[in-house]
Amino acid sequence: MDNQVDGTAGQLLASPPGALARLAERLARRPHRACCIGIGLAMGGALAIAAVRPLWFDEIFTWEIATRPSLGALLAALGPMDPSPPLHYLLVRAAHALAGTGQVATRLPALVAFLLTLIMLYRLALPLAGPLFALAVVAALPLTPALDYAAEARPYMLLMACAAAALLAWREATAGAHRRAGLCALLLALAAALYAHFYGFLLFVPIAVGEAVRGWRSRRIDLAIWGVMALAAALALPLLPLARQCLALRPTFWATPTPRRLVWALTLFASVGLVAVLAALLAFGAAWRGRRGVAAPPRPA
């Protein structure tokens, strides 16, 4: 029950009045088909950008690191050339092995991460509010800076995919039906986030807050969830030497960390967060109406 919306709330969200109700009925018949069309259009836009736009300055660093003659040389280049964890560069190297070293292949991990993010957002929203709102969430993501990052050979889209995966895995782990799979996926998503970008530790915050609220409401501590988070953090310990090396570059780095730059870096997540805020407002509004006994408007004949 922790992750389910009041039945009346879901009914109101899934069946809004008027023309939206008719559209919701059509989507309910073939929800996955409509989602596939929406995801296909979004991916088409990202692929078009990836094919046309040349690699820019930061992406050239990604290409240079990924094409090092050996894995040892790749890892050695991360500190001096680009202060980042290795996961994204290893994925770009794998994409080069499969599809060559062109600009689309270099951006392939970001494109795949965008695709996975769209799918996971759809799966997150569908049980909450029905197919109409789930499709709206999928359509909203390309309207954010995510579309640009989907066609950029940098680790930001990979970090977003880890965020979506962590939220979906946490929901599955706490729902009970797929607890083991959810716990394993949560561990993988959080650990991958830390190996994708040093800002990956920020993904632990919403999971920890959500789990704390859930524990407070149920008066029970879910040791498995907290254990998974602790294990994911422990798996990132091998990154500490690289993190120290990157911190040593701070005085001469062109973009030294500042509160202003941190806010700018989180713009992507803030814009996507607006979608989540809208979902929460709709859900709470529908639940409130449901508790007051407001029935859903009748469907047109």
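As the structure is a prediction and not an experimental result, all values here were calculated from the model. One-based numbering along the sequence shown.
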Assess whether side-chain hydrogen bond (donor to acceptor under 3.5 Å, both in side chains) is satisfied between S84 and H197, documenting all intermediate values. CA-CA 6 Å; S84 297; H197 198 284; 5.5 Å; no

On a heavy-atom basis, which atom in [X] and which in [Y] lie closest, and how many Å separate them?
X: A113; Y: A161; value: O-CB, 3.7 Å
X: A151; Y: A50; value: CB-N, 3.7 Å
X: A189; Y: A166; value: CB-N, 3.7 Å
X: A51; Y: V104; value: CA-CG2, 3.7 Å

Before giving the answer on side-chain contact (heavy atoms from CB on, under 4.5 Å), spell out for L159 and L203 the whole-Å C-alpha distance, their side-chain angles and the decisive distance to 0.1 Å. CA-CA 9 Å; L159 186 59; L203 299 189; 4.1 Å; yes

Check: residues 222-230 side-chain donor-acceptor pairs under 3.5 Å, at least two apart:
residue: D222; atom: OD1; partner: R179; partner atom: NH2; Å: 2.6
residue: D222; atom: OD1; partner: A224; partner atom: N; Å: 3.3
residue: D222; atom: OD2; partner: R179; partner atom: NH1; Å: 3.2
residue: D222; atom: OD2; partner: R179; partner atom: NH2; Å: 3.2
residue: D222; atom: OD2; partner: R214; partner atom: NH1; Å: 3.2
residue: D222; atom: OD2; partner: R214; partner atom: NH2; Å: 3.4

If you group Ile, Leu, Val, Met, Phe, Trp and Tyr by side-chain heavy-atom gaps below 4.5 Å, do [X] and [Y] land in one group?
X: I60; Y: L91; result: no
X: V213; Y: L202; result: no
X: W63; Y: L111; result: no
X: V137; Y: L115; result: yes

Test item: [X] and [Y] side chains (from C-beta on) under 4.5 Å apart, heavy atoms:
X: L75; Y: Y89; value: no
X: L235; Y: L190; value: no
X: V92; Y: L108; value: no
X: M160; Y: L141; value: yes
X: D148; Y: R53; value: yes
X: Y195; Y: P238; value: yes
X: D58; Y: E152; value: no

Checking the side chain of [X] only, and the main-chain atoms of [Y] only, is there a donor and an acceptor separated by less than 3.5 Å?
X: R93; Y: R68; result: yes
X: T62; Y: A153; result: yes
X: W170; Y: A208; result: no

Crowded around L231 CG? As in, over 12 foreign heavy atoms under 6.0 Å?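 Enclosed: over 12 neighbouring heavy atoms sit under 6.0 Å from CG of L231.
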
Working for side-chain contact (heavy atoms from CB on, under 4.5 Å), residues F198 and L242: CA-CA 10 Å; F198 283 126; L242 177 61; 4.1 Å; yes

Looking at Q103, R107, R154, which hits side chain to side chain donor-acceptor pair (under 3.5 Å) with E59?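 Only one option passes, and that is R107.
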
Can you label the angle between the Y149 ring and the Y156 ring as parallel, tilted or perpendicular, going by 30° and 60°?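 Y149 and Y156: perpendicular rings.
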
Sole candidate of I119, L118, T117 that passes side chain to side chain contact (heavy atoms under 4.5 Å, CB included) when paired with V138: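 The residue from I119, L118, T117 that satisfies side chain to side chain contact (heavy atoms under 4.5 Å, CB included) with V138 turns out to be L118.
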
Rounded distance (nearest 0.5 Å) linking atom [atom1] of [X] with atom [atom2] of [Y]:
X: L124; Y: E172; atom1: CG; atom2: CD; result: 8.5 Å
X: L167; Y: C162; atom1: CG; atom2: SG; result: 11.5 Å
X: L55; Y: F61; atom1: CG; atom2: CZ; result: 13.0 Å
X: L87; Y: L194; atom1: CG; atom2: CG; result: 10.5 Å
X: L121; Y: L116; atom1: CG; atom2: CG; result: 11.0 Å
X: L188; Y: L183; atom1: CG; atom2: CG; result: 12.5 Å

Which other residues belong to the hydrophobic cluster containing I37, where Ile, Leu, Val, Met, Phe, Trp and Tyr are joined when side-chain heavy atoms lie under 4.5 Å apart, directly or via other members?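 Joined to I37, directly or through intermediates: L41.
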
